[in-house]
2 protein chains.
Amino acid sequence: MEVKDKHIVSMMRHQGHKITPQRRAILNVIARSDGHLTPAALYQRVKQRYPRIGLVTVYRTLDLLAGLGLICRVHTDGGCRNYLLRRPEEHHHHLICSGCAKVVDLADCNMAAEAARISGKTGFEIERHLVEFIGRCSHCRQMALAKGF
Amino acid sequence: MEVKDKHIVSMMRHQGHKITPQRRAILNVIARSDGHLTPAALYQRVKQRYPRIGLVTVYRTLDLLAGLGLICRVHTDGGCRNYLLRRPEEHHHHLICSGCAKVVDLADCNMAAEAARISGKTGFEIERHLVEFIGRCSHCRQMALAKGF
DNA sequence: CTGCAAATGAAATTAATTTTCAATAAGTGA
DNA sequence: TCACTTATTGAAAATTAATTTCATTTGCAG
């Protein structure tokens, strides 16, 4: 049981969640993967070390871990299904309102220097990147003010 | 028919794809949305102006448009289902290998100044952001060299 | 050790996505 | 304008993904 695992376990306990062998098995597989996993992939892997596990437990545990901020989502393999028109032809970033879901395009990207720095540091050859900012637009902010929040 | 729509239509034609009224209707709805749309949401909206459309046509058209780079994906509403352990507790970015799917955490974020600049420019109050770099790790690059590519 | 409530998983259900295949129609060339 | 070819469509079916139901199990506090 690694230090990181122990930390996660104590965080879950602190939030009032029980530590079951299924949750340990799931956590183990996630922690030992150096890449990213879909629910189905995770289920296959967990089943090898804990064959009696149910798929629904995997989904539940992922939701729990995500809700507690103990796992991250990654987005780069094209499986996400939330779309908008590509308005600028050139490379751009997105600014998305958490209130009304409006998307603003941000055309001036200045990540080249950062990508080069990361490249030098990690040995990766960086092909592309994605950047999203999330916040409340001026309209949603005004609405919140008008409501007296 | 707006200029942008015309441009998209000619790109599709140039790639050998036919321009059907269904595709026009879908493109219209996407273009007029200032936010992002799931397949189901898009289908509901398209159906209002083109009631005979099939759901599968929506899926196919989205795949076509995404493949041609004419639409973008956005990721910030929590619906994406590709996970990895949250290794650094503090805020971090991800560097993902397009060859082996390995994920490297990038802990030093320097987007605060950029976020403030965007905030001043757009009136948004920015709450958070996400950044992913995609490229090939040194191992995959070596494998490609070893194969003679 | 006991009791309670959270957690589990099989089965069923719902939701999302894709395939099949007959019919339709976009677009080209004459 | 017409005929032809092949891409595209959509209903129905199928597959895959995700969630719910509910009886049973079990983690953990006292």
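Everything quoted here is computed from the prediction, not taken from an experiment. A note on names: the letters A, B, ... follow the listed sequences, proteins ahead of strands, and every chain is numbered from 1. For the numbers below, each heavy atom of this structure counts, side chains included, while hydrogens, waters and symmetry mates do not.
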Between the protein and nucleotides 22-25 of chain D, which nitrogen or oxygen pairs come in under 3.5 angstrom?
none

What contact category does A:Leu55 fall into here, base, sugar-phosphate, or nothing, at under 4.0 angstrom with non-hydrogen atoms? nothing

Checking B:His139 now: which residues fulfil ring pair (Phe, Tyr, Trp, His ring centres under 6.0 Å) with it, not counting sequence neighbours? none

Nearest listed nucleotide, side chain of A:Pro21, among D:dG27, D:dG10, D:dA17: D:dG27

N-O pairing of A:Arg87 and A:Asp105 below 4.0 Å: yes

Nearest-Å distance for atom pair CZ/P, residues B:Arg52 and D:dT9: 14 Å

Whether B:Gln22 contacts D:dT8 is assessed here as follows: a side-chain N or O lying under 4.0 Å from the phosphate OP1 or OP2. Is that the case? no

Taking distance alone, no hydrogens or angles, what donor-acceptor pairs closer than 3.5 Å link side-chain atoms of residues 37-55 of chain B to residues at least two apart or in another chain?
unit_1  : atom_1 : unit_2  : atom_2 : d
B:Thr38 : OG1    : B:Ala41 : N      : 3.2
B:Tyr50 : OH     : B:Gln22 : NE2    : 3.4

When you compare the side chain of B:Ile26 with that of B:Thr57, does any pair of heavy atoms fall below 4.5 Å? yes

List for me each residue that meets salt bridge (charged side-chain N to carboxylate O under 4.0 Å, His left out) alongside A:Arg73, sequence neighbours excluded, and say none if there are none. none

When the distance from CD of B:Gln44 to C1' of C:dA15 is rounded to whole Å, what number comes out? 13 Å

Does A:Gln15 have any side-chain contact (heavy atoms from CB on, under 4.5 Å) partners at least two apart in sequence or in another chain, and if so, which? A:His17, A:Leu68

Once you round it to whole Å, what is the distance between P of C:dA7 and CZ of A:Arg24? 14 Å

Which residues pass the side-chain contact (heavy atoms from CB on, under 4.5 Å) test with B:Ala115, sequence neighbours left out? A:Phe133, B:Ile126

Reckon B:Arg23 has a side-chain N or O less than 4.0 Å from the OP1 or OP2 of D:dT9? yes

Residue set satisfying salt bridge (charged side-chain N to carboxylate O under 4.0 Å, His left out) with B:Arg128, at least two apart, ordered chain then number -> none

Roughly, in whole Å, what's the span from OH in A:Tyr59 to C1' in C:dG9? 15 Å

Stretch residues 62-81 of chain A: residues that reach within less than 4.0 Å of DNA chain D through a heavy atom: none

Any residue meeting salt bridge (charged side-chain N to carboxylate O under 4.0 Å, His left out) with B:Glu114, in chain and number order, not counting sequence neighbours: B:Arg117

Can you name the side-chain contact (heavy atoms from CB on, under 4.5 Å) partners of B:Glu127, sequence neighbours left out? A:Ser98, A:Ile134, A:Arg136

With B:His92, which residues qualify under ring pair (Phe, Tyr, Trp, His ring centres under 6.0 Å), at least two apart? B:His94

When A:Val56 and A:Ala40 are each assigned the nearest nucleotide of DNA chain D, the 5'-most assignment goes to A:Ala40

Check whether any side-chain N or O of A:Thr20 sits under 4.0 Å from OP1 or OP2 of D:dT26, and answer yes or no. no

What residues 10-19 of chain B contributes to the DNA chain D interface at heavy-atom separation below 4.0 Å is B:His17, B:Lys18

